[in-house]
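In what follows, a single structure is set out as structure tokens and then discussed.
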Number of protein chains: 2
Amino acid sequence: MATKQRGRPRSFDRPTALEQATMAFWERGYETTSVSDLTRVMGISAPSLYAAFGDKRTLFEEVVAEYVLSHGAFGVRAFLEEPTARAGVARMLREAALHYTEPGHPRGCLVISAAVNCSTPEVEEALRARRNANLASIEDRIRRDVESGELPAATDPRVLARLGGAVLQGMSQQARDGATAEELAAVAEAAMLAWPPA
Amino acid sequence: MATKQRGRPRSFDRPTALEQATMAFWERGYETTSVSDLTRVMGISAPSLYAAFGDKRTLFEEVVAEYVLSHGAFGVRAFLEEPTARAGVARMLREAALHYTEPGHPRGCLVISAAVNCSTPEVEEALRARRNANLASIEDRIRRDVESGELPAATDPRVLARLGGAVLQGMSQQARDGATAEELAAVAEAAMLAWPPA
DNA sequence: CCCATTCCCTAGTGGTCGTTACAGAAAGAC
DNA sequence: GTCTTTCTGTAACGACCACTAGGGAATGGG
């Protein structure tokens, strides 16, 4: 197979540049982040960006794909590692309080905020679909616990999942509005009081 | 004082045009709504818009001021007309579920969504300040009920207010993501289970 | 060495952005 | 009617947008 590349080597580190693009899109959203913003934070010129990543939309898709596997993976991890839906949601919200306010990267969640007020319908729809898919998988996890008897039979999985999602989205915006980690952690704990008793 | 205007009369109805601008900003946000979008939906040319409303930012400020007194007034009304903080928050969330999904206007809340990913800091900050002021006044209302004994002394007004705000913001985004009035109403009811018992 | 390949940057492309200069049109004042 | 005032639309302004043509630079293969 291919061993060595033939031509002039790339003068920048592609994963690093991708991460810098992630930070820019995370901070300002898809639409508001211009290609010249990107070339500035990535430290490369526009033709290099287009050669390495395709157009702006393709770069954004790659950014989102990388984001959900790294910064945004805490939600999936919570459900993989916790034994119950309740513990999964509680941990997801608790970790969101920390992650959404952590120094070193923009506040809140890229998937939640980056395509709000976006005039490119495909981009808006792609993130919307991710959010609704996350909601559906939380709902499925809750439904399994209702069917197993872990949660009361009267529990409506759809409503409980939507409530968790709404709190998560609200926490993301409040993080962007300046809420502290402690304030969001308290919101997360308070929200769990809405769950049927453990 | 001034009785009749002297020059050529305006050929459009100013309040109607303002409402049409409101719909456009509500639908697409401040940044994404261009002046030519505005002139199209308002049915006037750019110089007429500038003469009647000033620049885009001034028009947006007037739109927001009118919005919070009309479409967005249900929240303030809830606290004015309900006897307790708990009833006020419950009614605010319940009415939001209806209003955020009502046909005839864009979904969700303009104050919550219109300045997300906005590259004009003054506009972003103006709506952020409104959101934080709303949070503070809900907190004050809750604190009064704690001090009067209506709510348990252990209640943290700041946390309960933030939770209500987070659910409201989450409901706004979920309305934009396609949630139905029934789904949001159920979320509103479920969220109130997090409150200390009435 | 020379060549093919691949990346680099400079300098643009046409299009849209928010905004405005300007001249004609429609009203009241006289 | 004539003047002043205020609104009207046409047609631009410079700045920025996403994107790319084209030519030089740096590598490996022969």
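Proteins come first, then strands; the chains are lettered A, B, ... in the order of their sequence lines, and each starts at number 1.
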Residue [X], side-chain heavy atoms: nucleotide from [options] that is nearest:
| X | options | value |
| --- | --- | --- |
| Pro47(A) | dT20(D), dC7(C), dC19(D) | dT20(D) |
| Ser48(A) | dC19(D), dC9(C), dA4(C) | dC9(C) |
| Ser34(B) | dT20(D), dA26(D), dC17(C) | dC17(C) |
| Arg6(A) | dC19(D), dG29(D), dT8(D) | dG29(D) |
| Lys56(A) | dC7(D), dG18(C), dA18(D) | dA18(D) |

task: Tell me which of Tyr30(A) and Ser11(B) sits closer to the 5' end of DNA chain D, going by the nucleotide each one is nearest to.
output: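 Closer to the 5' end of DNA chain D: Ser11(B).
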
**Prompt:** Starting at the 5' end of DNA chain D and moving along, which residue's nearest nucleotide shows up first, Arg57(A) or Ser45(B)?
**Reply:**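 It is Ser45(B), whose closest nucleotide lies nearer the 5' terminus.
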
Would you call Glu62(A) and Arg14(A) a salt bridge, using N to O less than 4.0 angstrom?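 Looking at Arg14(A) together with Glu62(A), the answer is yes, because their closest N to O distance falls below 4.0 Å.
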
For [X] and [N], what is the distance between atoms [atom1] and [atom2] respectively, to the nearest whole Å?
| X | N | atom1 | atom2 | value |
| --- | --- | --- | --- | --- |
| Ile44(B) | dA25(C) | CD1 | P | 21 Å |
| Leu49(B) | dC17(C) | CG | C1' | 14 Å |
| Arg8(A) | dC3(C) | CZ | C1' | 17 Å |
| Glu31(B) | dT16(C) | CD | P | 18 Å |
| Asp55(A) | dC17(D) | CG | C1' | 14 Å |
| Phe12(A) | dC9(C) | CZ | C1' | 13 Å |
| Arg10(B) | dT8(D) | CZ | C1' | 12 Å |
| Tyr50(A) | dC8(C) | OH | P | 15 Å |

- Task: Could you check whether the rings of Tyr30(B) and Phe25(B) sit parallel, tilted or perpendicular, using 30° and 60° as the cut-offs?
- Result: parallel

When we call it a touch if two heavy atoms are under 4.0 Å apart, what does [X] touch: a base, just sugar-phosphate, or nothing?
| X | value |
| --- | --- |
| Ala46(B) | base |
| Ser119(A) | nothing |
| Val35(A) | sugar-phosphate |
| Pro9(A) | sugar-phosphate |

(message) Does a side-chain N or O of Ser36(A) approach OP1 or OP2 of dC17(D) to a distance below 4.0 Å, or not?
(response)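 So the side chain of Ser36(A) is within the cut-off, an N or O lying under 4.0 Å from OP1 or OP2 of dC17(D).
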
task = Quickly, which of Tyr100(A), Tyr67(A), Trp26(A) forms a ring pair (Phe, Tyr, Trp, His ring centres under 6.0 Å) with His105(A)? Name it, please.
result =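 In the set Tyr100(A), Tyr67(A), Trp26(A), the residue that makes a ring pair (Phe, Tyr, Trp, His ring centres under 6.0 Å) with His105(A) is Trp26(A).
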
Taking Arg162(B)'s backbone N and O only, do any of them form a donor-acceptor pair with Gln174(A)'s side chain (distance below 3.5 Å, no angle check)?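 At least one qualifying donor-acceptor pair exists.
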
When you measure from the side chain of Glu31(A) to the backbone of Asn117(A), do you find a donor-acceptor pair of N or O atoms at a distance under 3.5 Å?
no

